[in-house]
**Q** 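Take a look at the following structure, please.
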Amino acid sequence: QVQLVESGGGLVQSGGSLRLSCEATERTLSSRTVAWFRQAPGKEREFVSASFRGGQRTYYGDSVKGRFTMSRDNAKNTVFLQMDSLKPEDTAVYYCAADNSRLILSSVRNGQYYDYWGQGTQVTVSS
């Protein structure tokens with residue numbers, strides 16, 4: 001059972017930056033696909049970014065492309081989401097998710113294919 005713990009959320013002004021972290025409790029994170037999703041009140045869960053199979057490829061949602069950067073430190077079992085040029089519409093609870101090393105490339109943006117989820121961290125961007 002993989003446990004994921006997010007941190008780094010908070011309140012920031014529009015145009016500011018935050019860096020989220022997601023630490024896994026076990027050492028097989030390097031072989032997994034890890035993703036960030038977010039959910040704002042009253043809205044559906046939205047794909048933000050994914051790092052496929054230990055970092056072979058990284059994908060971003062259209063709404064964050066060019067502003068957010070996902071990275072990972074497999075030695076520390078941690079992934080990061082650097083969020084720059086934040087906008088009020090980025091306000092949401094951000095979740096880290098990981099798969100069981102079976103997710104295929106075409107499914108990286110679909111949350112139903114991830115097996116483990118963190119508790120979420122709140123990001124609030126004020127205008």
Side-chain angles (χ1 to χ4, degrees):
Q1 184 77 8
V2 178
Q3 292 186 341
L4 304 171
V5 180
E6 302 100 333
S7 61
L11 173 64
V12 64
Q13 289 187 337
S14 182
S17 298
L18 281 175
R19 189 192 196 206
L20 305 184
S21 299
C22 172
E23 183 174 1
T25 57
E26 50 100 88
R27 295 188 175 184
T28 62
L29 193 65
S30 61
S31 65
R32 300 180 188 272
T33 296
V34 185
W36 290 95
F37 290 83
R38 68 186 183 186
Q39 189 164 20
K43 295 187 176 181
E44 294 187 352
R45 183 172 59 197
E46 179 186 9
F47 170 76
V48 175
S49 181
S51 174
F52 183 70
R53 295 276 177 87
Q56 294 179 21
R57 299 182 70 172
T58 304
Y59 299 88
Y60 297 95
D62 290 340
S63 61
V64 306
K65 199 172 296 182
R67 300 187 298 120
F68 290 11
T69 303
M70 184 175 180
S71 61
R72 57 197 299 165
D73 186 338
N74 289 328
K76 295 183 178 180
N77 306 313
T78 304
V79 298
F80 305 96
L81 185 67
Q82 177 66 40
M83 305 186 296
D84 298 318
S85 303
L86 282 162
K87 305 174 181 179
E89 50 264 45
D90 294 318
T91 296
V93 178
Y94 284 70
Y95 298 92
C96 176
D99 78 325
N100 256 332
S101 302
R102 296 177 298 187
L103 186 146
I104 61 175
L105 190 58
S106 60
S107 300
V108 292
R109 299 171 185 267
N110 193 330
Q112 70 175 323
Y113 292 103
Y114 289 84
D115 303 284
Y116 307 104
W117 292 81
Q119 82 288 351
T121 185
Q122 175 70 46
V123 171
T124 303
V125 184
S126 63
S127 57

**Q** Is a side-chain donor or acceptor of Q119 paired with a backbone partner of V5 at a separation under 3.5 angstrom?
**A** no
**Q** Establish whether L81 and Y95 are linked, either directly or via other cluster members, by ILVMFWY side-chain heavy-atom contacts under 4.5 Å.
**A** no
**Q** Taking side chain to side chain donor-acceptor pair (under 3.5 Å) as the test, write out the residues that go with S17, two or more places apart.
**A** D84
**Q** Quick one: closest heavy-atom pair of W117 and G111, and the distance?
**A** CZ2-O, 3.3 Å
**Q** Does S85 offer a backbone N or O that forms a donor-acceptor pair with the side chain of R67 under 3.5 Å?
**A** yes
**Q** Do S49 and V64 make a side-chain contact, defined as non-hydrogen atoms from C-beta onward lying under 4.5 Å apart?
**A** no
**Q** Checking the side chain of T91 only, and the main-chain atoms of V125 only, is there a donor and an acceptor separated by less than 3.5 Å?
**A** yes
**Q** Do R57 and V108 make a side-chain contact, defined as non-hydrogen atoms from C-beta onward lying under 4.5 Å apart?
**A** no
**Q** Quick check on the hydrophobic clustering: are F68 and V79 connected, directly or via other members, by side-chain heavy-atom contacts under 4.5 Å?
**A** yes
**Q** Going by side-chain contact (heavy atoms from CB on, under 4.5 Å), name the residues that satisfy it together with S71, two or more places apart in sequence or in a different chain.
**A** F80
**Q** Donor-acceptor pairs under 3.5 angstrom involving side-chain atoms of residues 29-37: please list them, not counting sequence neighbours.
**A**
from, atom 1, to, atom 2, distance (Å)
S31, OG, T28, O, 2.9
S31, OG, S101, OG, 3.4
R32, NE, T28, OG1, 3.1
R32, NH1, D99, O, 2.7
R32, NH1, N100, OD1, 3.4
R32, NH2, E26, OE1, 3.2
R32, NH2, T28, OG1, 3.0
T33, OG1, R53, N, 3.0

**Q** Do you know the tightest heavy-atom contact between Y94 and D90?
**A** OH-O, 2.6 Å
**Q** Side chain of E6, backbone of G120: donor and acceptor closer than 3.5 Å?
**A** yes
**Q** Taking the side chain as every heavy atom from C-beta outward, state whether S63 and R38 have any pair of such atoms under 4.5 Å apart.
**A** yes
**Q** Closest heavy-atom contact between S51 and R72?
**A** OG-NH1, 2.8 Å
**Q** Just wondering, more than 12 heavy atoms not from Q3 lying within 6.0 Å of its CD?
**A** no
**Q** Spell out, as yes or no, whether a donor-acceptor pair under 3.5 Å connects the side chain of Q39 to the backbone of A92.
**A** no
**Q** Could you tell me which non-hydrogen atom of L4 sits nearest to which non-hydrogen atom of C96, and how far apart they are?
**A** CD1-O, 3.7 Å
**Q** Identify whether V12 and L20 are in the same connected component of the hydrophobic contact network (ILVMFWY, side-chain heavy atoms under 4.5 Å).
**A** yes
**Q** Tell me, please, which residues at least two apart from K65 pass salt bridge (charged side-chain N to carboxylate O under 4.0 Å, His left out).
**A** D62
**Q** Please check if the number of heavy atoms outside Q13 that lie under 6.0 Å from its CD is greater than 12.
**A** no
**Q** Looking only at the side chains, is there a donor atom on one of T124 and Q122 sitting less than 3.5 Å from an acceptor on the other?
**A** yes
**Q** Has the side chain of Y60 got a donor or acceptor atom that lies under 3.5 Å from a matching backbone atom of M70?
**A** yes
**Q** So, for I104 and F52, which heavy atoms are closest and what is the spacing to 0.1 Å?
**A** C-CE1, 4.0 Å
**Q** Taking the side chain from R109 and the backbone from E46, do they hold a donor-acceptor pair closer than 3.5 Å?
**A** no
**Q** Starting at CE of M83, measure out to OG1 of T69 and round the result to the nearest 0.5 Å.
**A** 11.0 Å
**Q** Dump the intermediate steps for side chain to side chain contact (heavy atoms under 4.5 Å, CB included) on Y113 and R102, then the final yes or no.
**A** CA-CA 9 Å; Y113 292 103; R102 296 177 298 187; over 6 Å; no
**Q** How would you list all residue pairs meeting disulfide bond (SG atoms under 2.5 Å apart) that involve residues 23-63, not counting sequence neighbours?
**A** none
**Q** Does anything in residues 98-127 form a disulfide bond (SG atoms under 2.5 Å apart)? List the pairs, not counting sequence neighbours.
**A** none
